[in-house]
Chemist: 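What follows is a single structure, and I will ask about it in a moment.
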Amino acid sequence: MCGIIGYIGDRDGLEILKYGLKAVEYRGYDSVGYYDGRLVKDVGKVDDFLKKVKDVKVPFIAHTRWATHGKVSAENAHPHKVGKIALVHNGTIENYKALKEKLPYEWKSETDTEVIAALLDYYNEEDFLKTLEKVLPMLKGTYALAIIREGDPRIYFAKKDTPLLLGIGEGENFVASDLVAFLPYTNRYIRLEDGEYGYIERDKYVIKGRENIRPQTFEGDIKAAFKGEFPTFMLKEIHEQLDIVPQVLSVDVSEVREIFQTQEIDIIAAGTSYHAAWYLRYLTGFNVHPYVASEYPYLMREPKWVFAISQSGETIDTIKAVKQAKQKGAKVISLTNYVSSTLAALSDYVVPLNAGIEIGVAATKTFLAQLLFAHNLIGDKDIKGMKEAVRRGLEAPLFELTKPKIFFLGRGINYVLAMEGALKFKELTYVPAEAFPAGEMKHGPLSLFDKDTDVVFFLGPQGRELAKVNMEEVRARGANVHEVIFPDKYYELSATVFLQRLAHEHAVRWGKDPDKPRHLAKSVTVE
Ligand code: F6R
C-alpha cells in the first residue's frame with residue numbers, strides 16, 4: 001500500500017520525481033522520500049515535501065508510505081539505507097525480527113524494510129543479481145522493491161505478491177507500482193510476475209529468467225489520470241459515471257452469464273466491492289453467496305466456482321482467498337478494472353470492468369461499474385435509462401448531516417446502498433456512520449436512536465412499504481430522518497451517485513481531503 005517510483009534516463013530528475021510521486025501518492029501518504037545518492041525523507045504530504053526539493057539526480061528511487069511496521073516518523077520513512085544499499089519497499093516482511101537478530105547492524109528504524117537493505121548489504125556481491133538470488137528466498141512475506149547500490153549505475157527491482165511494473169521508454173526506463181507513475185513519458189510497460197527480479201539501465205532491462213519479453217502497450221485514456229477542472233479526483237470520477245455507462249455495458253458477458261445461470265458460486269470481495277457482490281445477489285437472484293475476502297478462508301467449503309470482484313485486482317485478501325479456493329479445485333471468474341492484474345492472472349475467466357483509471361482512494365465509478373455488470377449479467381442494457389438515473393443522482397440537492405450519530409438504513413437491495421453509504425461517509429469524514437437492514441433495528445440497534453441521531457433512509461421500490469414503517473419507528477424515537485427519494489427506475493443507480501456526493505460534500509465541508517482519507521490507500525496489498 002505504498003507507492004514506488006524509480007527512474008533512469010536523461011530527463012530532469014526533479015520533473016519525474018514530482019510527477020511520479022504525485023501519481024502514486026494515492027497508495028500511501030503519511031511520509032515520503034527519495035534516494036539519488038542523497039537520502040532525503042520526511043513525514044507529511046507529498047506537496048509539502050516537494051516544495052523543499054530543489055534538484056534530483058538520476059537514477060533515483062522514491063516512495064510514498066502507508067505505515068505498516070513502525071509509527072509515522074522520518075526514520076521509518078523510505079528509502080532505507082544500510083551500508084551501500086538504498087531501497088524502497090511496498091509489502092510486509094513477516095520474519096523481519098528473526099532476520100534482524102542474525103545481522104550485525106545497528107537499526108535506525110522500526111520497519112520491516114530496513115532488514116532487507118541490511119541483508120542485501122551483508123551479502124553484497126559483485127554480481128548483484130546473485131545477491132538478490134540469495135537474499136530474496138530468506139524473506140517471508142510480500143515485497144515490491146526498487147534498489148540502488150552505491151557505485152552501481154542500475155536500479156534493481158524484485159516483486160512478490162504486490163504490484164510492480166517496468167515502464168519502457170526510448171533511452172529511459174522506469175520502475176513503479178502503478179502505470180500512472182510513468183504514463184506521460186511512455187505507455188509501454190511490463191507487469192512483473194511474482195518471484196521476478198532484475199534491473200533497469202538507461203537502454204536496457206533485464207528480468208532474470210525471462211527472455212524475449214515484449215512490453216505491453218497501454219491504450220487507455222491517460223487524461224483520466226489528471227483532475228482537470230475538478231477540485232478532487234473523487235468528484236471528477238463521480239461525474240465520469242455518466243460517461244462510463246455505455247463502455248461498461250459494452251463488455252460481452254455471455255460466456256460468464258451461462259455459468260452464473262447454472263452454477264452455485266461463492267463471491268469473494270472486500271469493502272465496496274463486497275457491497276457490489278450483495279447488489280448482484282439481490283438484483284439477479286442467482287445462486288451466489290457473497291463473502292468478505294479476509295473471512296473466506298475460515299468459511300470456505302468445497303467451492304466449484306468462485307467469483308472475485310476487485311477493481312484493483314491487487315487486494316491481497318481477495319487474492320489469497322482466491323488462491324486457497326483454487327487449491328480446493330475451484331474455477332475462478334474475476335471482475336476487475338485491471339485485466340493485467342495479479343487477480344486476473346489467477347483467473348480462468350476475466351471480465352474487464354472497463355471503468356477507466358480511478359485515482360481517488362474511495363471507489364466511485366468502479367462501484368457503479370460493478371453494479372452495471374450485474375445488470376449486464378441479466379441482459380439489462382438500457383443505457384439511456386441508466387444514464388438518466390446517474391444524471392438524477394448527480395443533480396439532486398444534498399442534505400446536511402449534523403448529529404453525532406449517523407445511520408444508513410434500507411431494506412432489500414436498499415440495504416446495499418445503506419452499507420455503501422455508511423462506508424463512504426465514515427471513510428471520508430472520519431465520523432462513525434453505521435448501516436443496518438431497516439427491519440433489523442428492533443433487534444437491538446433501535447436503542448441507540450434519539451434526537452442526536454441523523455438517519456439516511458434509502459426508500460427504493462424493493463421493500464418500500466415495510467421500510468416506511470421502520471422509518472416511522474426511528475422517527476418516533478426523535479431521530480432526524482433524511483429520505484433519499486428518486487424515481488423507481490434505476491433508483492439504486494441514482495442513489496449510489498447521491499451517496500458518493502453526500503460523503504464527498506461532508507468531507508470537504510469538514511476540511512478532510514476526499515482523495516486521501518487518513519490511514520487508507522487505494523490498493524490494499526497488506527493483510
Ligand atoms: C472504499 C474502497 C475500498 C475498496 C476495497 C477493495 O471506498 O474503495 O473499500 O473497495 O479496498 O478494493 P478492490 O476493489 O480494489 O479489491
Side-chain angles (χ1 to χ4, degrees), residues 1 26-28 66 161-163 177-178 180 232-235 237-238 241 267-280 290-296 306-323 332-344 346-347 350-371 373-374 408 416-430 433 435 496-497 499-504 506-507 512-527:
M1 298 178 38
Y26 73 89
R27 302 181 62 85
W66 186 89
D161 288 332
T162 72
S177 36
D178 194 319
V180 294
T232 63
F233 277 111
M234 182 177 175
L235 198 59
E237 287 154 6
I238 288 174
Q241 293 179 114
I267 312 187
I268 310 170
T272 287
S273 294
Y274 172 69
H275 300 156
W278 275 109
Y279 188 87
L280 194 153
Y291 289 95
V292 166
S294 56
E295 289 298 311
Y296 188 64
V306 294
F307 176 51
I309 309 179
S310 171
Q311 70 80 21
S312 63
E314 300 295 348
T315 298
I316 192 94
D317 295 330
T318 308
I319 286 167
K320 276 195 113 170
V322 163
K323 282 184 178 164
V332 181
I333 309 168
S334 62
L335 176 65
T336 175
N337 213 20
Y338 292 93
V339 290
S340 52
S341 60
T342 308
L343 176 64
L346 286 170
S347 306
V350 181
V351 182
L353 196 54
N354 238 11
I357 296 174
E358 185 177 75
I359 303 282
V361 164
T364 52
K365 63 175 178 169
T366 53
F367 179 61
L368 187 91
Q370 291 164 347
L371 306 190
F373 165 79
F408 288 71
V416 177
L417 302 171
M419 289 194 282
E420 179 61 5
L423 177 64
K424 282 284 162 303
F425 200 87
K426 69 182 128 190
E427 132 176 67
L428 297 185
T429 64
Y430 322 152
T496 292
V497 177
L499 66 86
Q500 297 166 348
R501 288 177 51 227
L502 189 71
H504 180 275
H506 282 78
K512 312 288 188 285
D513 180 352
D515 282 342
K516 298 186 210 85
R518 68 179 181 194
H519 312 324
L520 300 178
K522 183 133 192 89
S523 60
V524 184
T525 52
V526 294
E527 275 180 279

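Note that ligands are numbered from 1 as they come in the structure, with each ligand's atoms numbered from 1 the same way. Just the heavy atoms: all of them, side chains too, but no hydrogens, waters or symmetry mates, feed the values below.
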Chemist: Of all heavy-atom pairs between Lys365 and Ile357, which one has the smallest distance, and what is that distance?
Modeler: NZ-O, 3.0 Å
Chemist: Under the salt bridge (charged side-chain N to carboxylate O under 4.0 Å, His left out) test, which residues partner Lys512, sequence neighbours left out?
Modeler: none
Chemist: Between Thr342 and Glu314, is there a side-chain donor-acceptor contact under 3.5 Å, judged purely by atom types and distance?
Modeler: yes
Chemist: Would you kindly specify which portion of Glu427 sits under 4.0 Å from ligand 1, judged on non-hydrogen atoms: side chain, backbone, both or neither?
Modeler: side chain
Chemist: Return the set of residues passing ring-ring contact (aromatic ring centres under 6.0 Å, His included) with Phe367 (not counting sequence neighbours), or none when no residue passes.
Modeler: none
Chemist: Has Thr364 got any heavy atom lying under 4.0 angstrom from an atom of ligand 1?
Modeler: no
Chemist: Decide whether an N or O pair under 3.5 Å exists between Thr318 and ligand 1.
Modeler: no
Chemist: Does any N or O of ligand 1 fall below 3.5 Å from an N or O anywhere on Ile309, backbone included?
Modeler: no
Chemist: Which of the atoms in ligand 1, numbered in the order shown and given with their element, are less than 4.0 Å from a heavy-atom of Lys424?
Modeler: 1 (C), 7 (O)
Chemist: Of all the atoms in ligand 1, which lie at a distance below 4.0 Å from a heavy atom belonging to Ala362?
Modeler: 7 (O)
Chemist: Could you list which atoms of ligand 1 come closer than 4.0 Å to a heavy atom of Ser273?
Modeler: 10 (O), 13 (P), 14 (O)
Chemist: If the cut-off is 4.0 Å to any non-hydrogen atom of Ser310, which atoms of ligand 1 fall inside it?
Modeler: 13 (P), 14 (O), 15 (O), 16 (O)
Chemist: Is it true that atom NZ of Lys320 has more than 12 heavy atoms of other residues, nucleotides or ligands lying nearer than 6.0 Å?
Modeler: no
Chemist: Does any N or O of ligand 1 fall below 3.5 Å from an N or O anywhere on Gln370, backbone included?
Modeler: no
Chemist: Report yes or no: do Glu420 and Thr272 form a side-chain donor-acceptor pair below 3.5 Å?
Modeler: yes
Chemist: Looking only at non-hydrogen atoms, which of Gly313, Ala270, Ser341 approaches atom 6 (C) of ligand 1 most closely?
Modeler: Ala270
Chemist: Give a yes or no on whether the backbone of Phe233 and the side-chain of Asp515 come within a donor-acceptor separation of less than 3.5 Å.
Modeler: yes
Chemist: Where's the contact between Val361 and ligand 1, heavy-atom distance under 4.0 Å: side chain, backbone, both or neither?
Modeler: backbone
Chemist: Any donor-acceptor pair under 3.5 Å linking the side chain of Thr366 with the backbone of Ala363?
Modeler: no
